[in-house]
Every structure is written in C-alpha cells, then in structure tokens.
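As the structure lists them, so they are numbered: ligands from 1, and atoms in each ligand from 1.
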Amino acid sequence: IKPCNLTGWWKNDLGSKMHVFNVDNNGTFSGEYHTAVSSAKSPIQPSPLVGSQHLDKDEQDTFGFTVNWKKFSDSTAVFVGQCFNGADGKEVLHTSWLLREKVDSETDDWKATRIGRNTFTRMS
Ligand SMILES: O=C1C=CC(=NNc2ccccc2C(=O)O)C=C1
C-alpha cells in the first residue's frame, strides 16, 4: 500500500488549514494550525501543534496530535486518526477530536469537553 506521510498542508471540512512540518524518524512532528472557526473579532493567527505518527513500512498510519489554541481562548484540542489512500488515489485523514475549553469553575467542568470528527484532505 502506498505510504501516507503527514508532512505538508491539509484542509479540513471546516476550512481550517494544518501545516505539518517534517516528520522525524521517530514519527514525531510539529506544525501550525490555521483555524477557520475562531471568533471574527480576533485575527486568525496560527496555533502550534505537536504530534506523533506510526511509520510502519508502506502502511496507512495512525497518528495523534495536540493543538493549543493561541490567543483567542485557553482551549486545547487533541486529534487521533488514520491516513488513508482514498479510492480516488488522494490521501485523506479521518480524525476524531476532543476539544477542552477552559472553564472558570470546577462546577462547570462537566460541560468543558466537546467531541467530534473531522476529515482532512491534502491541499494541492
Ligand atoms: O479559539 C479557538 C478554540 C477552539 C478552536 N477549535 N477548533 C477546532 C476544534 C476541533 C476540530 C477542528 C477545529 C478547527 O478549528 O478546525 C478554534 C479556535
């Protein structure tokens, strides 16, 4: 199976863009996340991401990464997923995410984590 390397630019179904810098030989990578969903008032600036992917030979690897949302909010998102070579030959990342918003009091802890799914495709 054609290997699937995360290095490069990806776009998700919300229109956010992710730039993965080089993946080292441990599968560790860093990058920048350019969200499309931040509140309009704050200028969109990239947030740092760090992650790790499997490097099995010629496999469709699983990965995880963490995004710390700079500036606009003290939230953190973690993504887990797998890279596939789609039927059309295009690479696609199917991910699940947890978004943890910072809440002001422990009594609000119960409502502070959201879950969802995102699909990323490589930006040509
Ligand atoms: O200030 C903030 C706070 C949270 C954010 N979450 N974005 C996400 C959370 C889950 C999945 C995708 C995204 C995205 O931005 O594409 C973005 C900006």
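The option from Phe79, Phe120, Trp69 that lies nearest to atom 6 (N) of ligand 1, judged by heavy atoms, is Trp69.
Counting the atoms of ligand 1 from 1 in the order shown, those under 4.0 Å from a heavy atom of Asn118 are 11 (C), 12 (C). Those atoms of ligand 1 that come under 4.0 Å of a heavy atom in Ser16, given as number and element, are 14 (C), 15 (O), 16 (O). Within ligand 1, the atoms closer than 4.0 Å to a non-hydrogen atom of Val37 are 7 (N), 14 (C), 15 (O), 17 (C), numbered from 1 in the order shown. Those atoms of ligand 1 with a heavy atom of Tyr33 less than 4.0 angstrom away are 12 (C), 13 (C), 14 (C), 15 (O), 16 (O).
Contacts of Lys102 classified as salt bridge (Lys or Arg N to Asp or Glu O under 4.0 Å), with partners at least two apart in sequence or in another chain: Asp74. In this view, Thr113 and Arg100 satisfy the side-chain hydrogen bond (donor to acceptor under 3.5 Å, both in side chains) rule, not counting sequence neighbours.
Between atom CD of residue Gln53 and atom OG1 of residue Thr28 there is a gap of 9.5 Å, rounded to the nearest 0.5 Å.
When only modelled atom types and interatomic distance are considered, Thr7 and Asn5 share a side-chain donor-acceptor pair under 3.5 Å.
The closest approach between Ser75 and ligand 1 falls below 4.0 Å for a heavy atom of the residue.
Of the N or O atoms in Glu101, none lie within a sub-3.5 Å distance of an N or O in ligand 1.
For the side-chain contact (heavy atoms from CB on, under 4.5 Å) test with Phe79, the passing option among Asn12, Leu98, Asn118 is Asn118; the others fail.
The aromatic rings of Phe120 and Tyr33 sit perpendicular to each other, their planes meeting at more than 60°, with 30° as the lower class boundary.
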